[in-house]
S.K.: 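Here it is: the structure, laid out below.
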Protein chains: 2
Amino acid sequence: MSSRARGPYAKSAEQRRRILDVAQDVFGRRGSHGASLREIADLAGMSQAGVLHHFGSKTGLLMAVLEERDQASRQQADTGATWDEQAQVARSMFERAIADRGLTQLFTTVTAESIVPGHPAHDFTVARYRRTAAEFTAALTEAAPAELEPDAAPATDMEGVARLVMAAMDGLQLQALLDPDADVLGAFDILLEALPLLASRSPGSTG
Amino acid sequence: MSSRARGPYAKSAEQRRRILDVAQDVFGRRGSHGASLREIADLAGMSQAGVLHHFGSKTGLLMAVLEERDQASRQQADTGATWDEQAQVARSMFERAIADRGLTQLFTTVTAESIVPGHPAHDFTVARYRRTAAEFTAALTEAAPAELEPDAAPATDMEGVARLVMAAMDGLQLQALLDPDADVLGAFDILLEALPLLASRSPGSTG
DNA sequence: GTCTATATTAAGATAGAC
DNA sequence: GTCTATCTTAATATAGAC
């Protein structure tokens, strides 16, 4: 619908685009509760009622921002068949997140807020984490046999490894937002280099 | 001041205690913006003005909750001289966090909100992360030489290891809040078991 | 499609009685 | 120390003109 550069919907699509961009910034800086439609409207150069015309409600706008940004993020994953390639994909996704502070702040803030059931983005966030964990686990499971000893791979807790890498990314992104001087990429590399070692060890000795 | 079990301040201290407990829960569930003094007051069995009498302002109450809970958390750290003992301390801190959902939700939510400068708890959170990273790095540096090869230890990025473990704890706590079925302790153990391996490898091959 | 104006609700904080 | 009542501000959302 809105893919035409000219035509009846061109202007409207442009406005939606502008609102989505400033909304990402404001939701990231203020959180989903703290953000106000007034501030978004001011920065977008229109009235509060104008913003609501395009997205219906504040929740509608929030969901539109999240879904659009999430879809953009997903497109950069999904490649990488070998174990090392998986690590490289993870690393480049992490680098991109660190470089785009606004985007990282949006997801860090909104994800934390949406922990509680009843939050407008709760279902979205729960589904996003479940899906990411499942997809990453599957990718690791497929990639492992090609590179690791055949005996070790099946015994490895691949979902645990996937969740650990996801957690490191989230936690290090948080640290980067709190302290720009922290060498979070160096910390992430420590984990990535150890990935083959992690996968080849069987679990259980610590508990 | 308020350490007397009886006396002129006993009642007041009791009320403060009750308010702090309720406030931890509400700030955790609603976030620092979303939480209202009215809800806290209702659950504490008093009026909104009564709550403000004890803590002056909403921000004052938030800071009191954070400082008290942080102090309680810190008392369980600080022990463990060897490398394995450090891992065990981290593991038991993690287990405790997973068991106390309210406390984890409070810090996860408020930490994310306080990323932005100007948030009431911003300075508190930045200082907390800096201090934790510094202390944990120092503890690992002290513990390492006793267990690892003398040549490997100095080359290790101890702050990176410390930040990685911190990040894994934060990220896995987030996953546990979003999905109670996720085996986050298993994922954390994968990292802990690999700690000696991580420390004995020199950085640089992935970047 | 965008605006002004407004309805409605709810927040933090204060004043002053008891 | 606690209450009720109120002040002030700001939020989302709607109505209706243009």
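Reminder, nothing fancy here: chain letters follow the sequence lines and each chain counts from 1.
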S.K.: Check Asp100(A) with Arg96(A), please: is the shortest side-chain N to carboxylate O separation under 4.0 Å?
M.R.: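 Not counted as a salt bridge, because no side-chain N and carboxylate O are separated by less than 4.0 Å.
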S.K.: Measure the spacing between CG of Leu197(B) and CD of Glu193(A) and express it to the nearest 0.5 Å.
M.R.: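 Answer rounded to 0.5 Å: 12.5 Å.
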S.K.: Do the charged groups of Glu39(B) and Arg29(B) touch, with an N to O distance under 4.0 Å?
M.R.: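 Salt bridge: yes.
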S.K.: Dump the pairs, protein N or O against N or O of nucleotides 9-13 of chain C, anything under 3.5 Å, distances to one decimal.
M.R.:
{"residue": "dG12(C)", "atom": "OP1", "partner": "Ala35(B)", "partner atom": "O", "Å": "3.4"}
{"residue": "dG12(C)", "atom": "OP1", "partner": "Lys58(B)", "partner atom": "NZ", "Å": "3.1"}
{"residue": "dG12(C)", "atom": "OP2", "partner": "Leu37(B)", "partner atom": "N", "Å": "3.0"}
{"residue": "dG12(C)", "atom": "N7", "partner": "Gln48(B)", "partner atom": "NE2", "Å": "3.2"}
{"residue": "dA13(C)", "atom": "OP2", "partner": "Lys58(B)", "partner atom": "N", "Å": "2.9"}
{"residue": "dA13(C)", "atom": "N7", "partner": "Gln48(B)", "partner atom": "OE1", "Å": "3.4"}
{"residue": "dA13(C)", "atom": "N7", "partner": "Gln48(B)", "partner atom": "NE2", "Å": "3.3"}
{"residue": "dA13(C)", "atom": "N6", "partner": "Gln48(B)", "partner atom": "OE1", "Å": "3.0"}

S.K.: Does a salt bridge link Glu95(B) with Arg91(B), judged by any charged N lying under 4.0 Å from a carboxylate O?
M.R.: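 Result for this pair is yes, salt bridge flagged.
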S.K.: Under a 4.0 Å N-O cut-off, is there an ion pair linking Arg131(B) with Asp70(B)?
M.R.: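 The answer is yes: the pair qualifies as a salt bridge.
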S.K.: Each nucleotide N or O in nucleotides 16-18 of chain C that has a protein N or O under 3.5 Å away: list the pair and distance.
M.R.:
none

S.K.: For the pair made of NE2 in His53(B) and P in dT4(D), what is the distance, rounded to whole Å?
M.R.: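 Computing the His53(B):NE2 to dT4(D):P distance gives 16 Å.
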S.K.: Tell me whether Asp21(B) is salt-bridged to Arg17(B), with the criterion being a basic N under 4.0 Å from an acidic carboxylate O.
M.R.: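 Here Asp21(B) pairs with Arg17(B) in a salt bridge, since their nearest N and O are under 4.0 Å apart.
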S.K.: Can you find a side chain N or O atom of Ser47(A) that sits less than 4.0 Å from OP1 or OP2 on dT2(C)?
M.R.: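 Answer no for this pair, as no side-chain N or O of Ser47(A) is under 4.0 Å from OP1 or OP2.
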S.K.: Tell me: CD of Gln15(A) to C1' of dC3(C), nearest whole Å?
M.R.: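 Checked: the CD to C1' distance equals 13 Å.
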S.K.: Rounded to whole Å, how long is the line connecting atom CG of Leu62(A) with atom C1' of dT12(D)?
M.R.: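 It is 14 Å, rounded to the nearest whole Å.
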S.K.: Give the rounded distance in Å between these two atoms: CZ of Phe55(B) and C1' of dT2(D).
M.R.: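 So the CZ-C1' distance, Phe55(B) to dT2(D), works out to 15 Å.
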S.K.: Taking NE2 from His54(B) and C1' from dG1(D), how many angstroms apart are they, rounded to a whole number?
M.R.: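 Distance, rounded to whole Å: 6 Å.
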S.K.: Run the salt-bridge test on Asp179(A) and Arg163(B) with the 4.0 Å N-O cut-off and return the result as yes or no.
M.R.: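 A salt bridge links Asp179(A) with Arg163(B).
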S.K.: Is it the case that His119(B) and Thr125(B) place a side-chain donor and acceptor less than 3.5 Å from each other?
M.R.: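 On atom types as modelled, these side chains do not qualify, holding no pair under 3.5 Å.
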S.K.: Ile19(A) vs Met46(A), test: side-chain contact (heavy atoms from CB on, under 4.5 Å). Steps then yes/no.
M.R.: CA-CA 9 Å; Ile19(A) 295 168; Met46(A) 65 192 311; 3.7 Å; yes
S.K.: How many Å lie between CE on Met46(B) and C1' on dT2(D), as a whole number?
M.R.: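 Atom-to-atom, Met46(B) to dT2(D), this comes out as 6 Å.
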S.K.: dT4(C) P sits how many Å from Asp42(A) CG, rounded?
M.R.: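 Asp42(A) atom CG is separated from dT4(C) atom P by 11 Å.
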